[in-house]
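The structure under discussion appears below in the form of structure tokens.
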Amino acid sequence: MTTRPGSGRRVSDVSGDPLLSITEIAALARMHRQSIYRLRGEGKFPPPDDTAVRTRPRWRKSTFERWMADRPKPSARTTPHRKQALGQTEVDSQKDDQSGPGCRP
């Protein structure tokens, strides 16, 4: 019996699209399981496709792959060090202001 995702019923695997556990999802995404749970709570991860067992949510592989494709790539994330390397911070102007006491020459 196929139902809509997140309805609390078991979704049959007729389409050949396997269901993945949270452990498998975390391994494929190279994330901790807790990070997946956190993203779910923030609404940044899709709801499970199979919720027959509330404590064991499962997602279709296609749902996971679609989420991975829509995620920003790690190189697209901008850390403070990356911003500095790209010249996107005011580090140069701050160097001039560090001439007061307590600042190293």
Side-chain angles (χ1 to χ4, degrees):
M1 175 171 158
T2 303
T3 60
R4 62 175 229 261
S7 64
R9 297 183 186 208
R10 183 164 298 275
V11 178
S12 61
D13 190 13
V14 178
S15 65
D17 192 6
L19 290 165
L20 304 173
S21 69
I22 189 82
T23 304
E24 293 168 318
I25 293 285
L28 290 171
R30 295 184 178 164
M31 300 172 76
H32 292 277
R33 286 182 322 165
Q34 190 59 37
S35 297
I36 301 290
Y37 286 123
R38 181 179 46 80
L39 290 171
R40 271 183 69 195
E42 294 172 356
K44 297 178 181 177
F45 195 81
D49 295 310
D50 179 20
T51 56
V53 180
R54 186 171 180 260
T55 58
R56 295 180 132 183
R58 298 189 305 168
W59 291 263
R60 293 233 177 254
K61 187 174 183 182
S62 61
T63 302
F64 169 71
E65 289 172 343
R66 194 170 32 253
W67 175 77
M68 284 293 287
D70 293 343
R71 278 182 80 203
K73 305 293 180 246
S75 61
R77 295 181 188 150
T78 318
T79 64
H81 295 290
R82 178 127 173 89
K83 283 183 181 179
Q84 183 177 355
L86 295 172
Q88 296 176 347
T89 62
E90 300 175 14
V91 174
D92 295 330
S93 63
Q94 291 175 357
K95 287 180 182 176
D96 296 336
D97 296 338
Q98 295 179 356
S99 57
C103 293
R104 294 167 61 189

Practice task
Starting at OG1 of T63, measure out to CG of L20 and round the result to the nearest 0.5 Å.
Solution key: 9.0 Å
Donor-acceptor pairs under 3.5 Å, side chain of residues 24-46 to any protein atom, not counting sequence neighbours: which ones?
residue: E24; atom: OE1; partner: S21; partner atom: N; Å: 2.7
residue: E24; atom: OE1; partner: S21; partner atom: OG; Å: 3.4

Exercise for the section: Please report the closest heavy-atom contact between A52 and D50, naming both atoms and the distance. Expected result: N-OD1, 3.3 Å
Handout entry: Shared hydrophobic cluster for W67 and I22 (ILVMFWY, side-chain gaps under 4.5 Å)
Key = yes
Problem - Within-4.5 Å side-chain heavy-atom neighbours: L19 and R60 - result: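 Answer yes - side chains close enough.
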